[in-house]
Amino acid sequence: MNILKHLSLPSFTNKQIIPICLLIFVITICSCTEDINVKVDKGDTRLSVEASVTSDFKNHTVILKESSDVFFNQKAVLVQNAIVTVTDGSNTYNYIETSAGHYESENKFAGEPGKTYSLSITNVDVNDDGNMEEYSASSTMKYPYTVEKIELHFDPDYEPEGDDEDEGAFWLVSLYMQDDIKTKDFYAYACSINDVLVHDTITEIIVQEDTYFNGELTKGADVGELSQAKPDEILEENDKVTLETYAITEEYYDFVSQLKQQDEGQDMFSGPPGNIASNVSNGAIGFFAVYSITRTSTLLTTD
């Protein structure tokens with residue numbers, strides 16, 4: 001399924017229509033595992049950063065690569081022997097290189113809402129000029145959203161909003177929750193089936209902002225799409241479906257949205273490909289995503 005066609009807000013019941021505009025990123029937003037592949041200006045070689053800290057208690061990851069026009073749609077060079085740390089101002093977490101270019105926090109930890117996390121990357125010479133470079137990024141973890149419940153409904157001829165053709169049979173995940181009128185909120189969604197994350201790439205998550213439903217009670221907004229043509233998304237009786245709701249920052253929302261637009265294909269009016277939003281310093285591309293996760297589950301019962 002090309003989730004890039006699904007950048008539209010799900011619709012509410014009672015004929016309320018909500019247009020939509022994810023991190024794992026990710027990115028490795030999060031639990032996502034897809035490589036970030038950002039087009040950069042011709043001739044440039046820049047550091048590509050895939051990093052995240054979430055509210056899950058686990059070993060968090062950072063992936064470092066070289067990115068240039070010659071690497072786009074090809075396997076990029078992994079950046080080894082970097083010194084990577086994350087700090088929350090009180091605690092510092094050292095990362096170790098578990099495989100080429102892949103770094104993991106030496107100890108498990110859970111990000112805490114309200115805290116600002118800062119990423120530091122040193123001992124890197126991407127441009128091969130003999131001078132070691134330093135990169136940094138920081139982001140504050142938002143408090144998790146409260147979800148009332150989720151429900152499943154079947155659409156045999158699902159036609160995503162903004163798409164002229166139906167994409168076949170889908171199970172849709174509908175969200176019930178109250179948006180906070182006092183804050184400007186940004187959301188990302190991914191689905192698991194029987195505790196296995198099936199939306200595990202950045203292009204499969206759905207991102208949205210609350211511009212058109214600020215302070216509203218969602219009454220079955222469709223925020224998850226499970227294609228019955230994809231083997232890993234097929235649902236059977238009594239399967240458990242879990243919606244992961246990410247409380248993301250506006251900056252991460254912009255990053256994911258722009259990455260999706262790039263993947264759709266740029267036209268003659270597009271800006272320079274290297275202009276995709278990043279919160280990493282020193283001209284790096286990619287993102288350091290920090291977000292909390294709310295998980296809500298339901299069982300598929302057809303009785």
**Message:** If the condition is side-chain contact (heavy atoms from CB on, under 4.5 Å), which residues does S136 pass it with, not counting sequence neighbours?
**Reply:** S281

**Prompt:** Any donor-acceptor pair under 3.5 Å linking the side chain of D239 with the backbone of L300?
**Reply:** no

**Test side-chain contact (heavy atoms from CB on, under 4.5 Å) applied to E148 - qualifying residues, sequence neighbours left out** = Y176, L217

**Asked** Please walk me through it: do T116 and T140 pass side-chain hydrogen bond (donor to acceptor under 3.5 Å, both in side chains)?
**Response** CA-CA 4 Å; T116 297; T140 301; 2.6 Å; yes

**Message:** Please check this pair: side chain of E251 against backbone of N279, looking for a donor-acceptor N/O pair closer than 3.5 Å.
**Reply:** no

**Asked** Between K65 and E50, is there a salt bridge with N-O shorter than 4.0 Å?
**Response** yes

**Request:** Please identify each residue that fulfils ring-ring contact (aromatic ring centres under 6.0 Å, His included) with Y145, with sequence neighbours left out.
**Result:** Y187

**Prompt:** Listed by chain and number, what are the salt bridge (Lys or Arg N to Asp or Glu O under 4.0 Å) partners of K149, not counting sequence neighbours?
**Reply:** E151

Would you mind writing out the side-chain donor-acceptor pairs for residues 78-87 within the sub-3.5 Å range, not counting sequence neighbours?
from: T87; atom 1: OG1; to: G89; atom 2: N; distance (Å): 3.1
from: T87; atom 1: OG1; to: N91; atom 2: O; distance (Å): 3.0

**Prompt:** Hey, does the side chain of D157 reach the backbone of G168 with a donor-acceptor pair shorter than 3.5 angstrom?
**Reply:** no

**Request:** Applying salt bridge (Lys or Arg N to Asp or Glu O under 4.0 Å), name anything that partners K184, two or more places apart in sequence or on another chain.
**Result:** E250

**Message:** Counting C-beta onward and ignoring hydrogens, is there a side-chain heavy-atom pair between M132 and V124 closer than 4.5 Å?
**Reply:** no

**Request:** Can you establish whether the number of heavy atoms outside Q178 located under 6.0 Å from its atom CD is more than 12?
**Result:** yes

**Request:** Go through the structure and list residues passing salt bridge (Lys or Arg N to Asp or Glu O under 4.0 Å) with D129, not counting sequence neighbours.
**Result:** none

**Request:** Please list, chain by chain and in numerical order, all residues satisfying ring-ring contact (aromatic ring centres under 6.0 Å, His included) with F154, sequence neighbours excluded.
**Result:** W171

**Request:** For the pair H102 (side chain) and I63 (backbone), establish whether a donor and an acceptor sit closer than 3.5 Å, ignoring hydrogens and angles.
**Result:** no

**Donor-acceptor pair, side chain of T183 and main chain of D185, under 3.5 angstrom** = no

**Request:** State which residues pass ring-ring contact (aromatic ring centres under 6.0 Å, His included) with F186; sequence neighbours excluded, sorted by chain then number.
**Result:** Y253

**With N94 via side chain to side chain donor-acceptor pair (under 3.5 Å) - residues at least two apart** = none

**Request:** Name all residues meeting the salt bridge (Lys or Arg N to Asp or Glu O under 4.0 Å) criterion together with D210; count only those two or more places apart in sequence or in a different chain, and write none if there are none.
**Result:** none

**Prompt:** Do you see a donor-acceptor pair shorter than 3.5 Å between the side chains of S297 and T242?
**Reply:** yes

**salt_bridge(K108, D56) N-O dist < 4.0 Å** = no

**Prompt:** According to the ring pair (Phe, Tyr, Trp, His ring centres under 6.0 Å) rule, which pairs have a member within residues 103-139, sequence neighbours left out?
**Reply:** H60-F109, Y93-F109

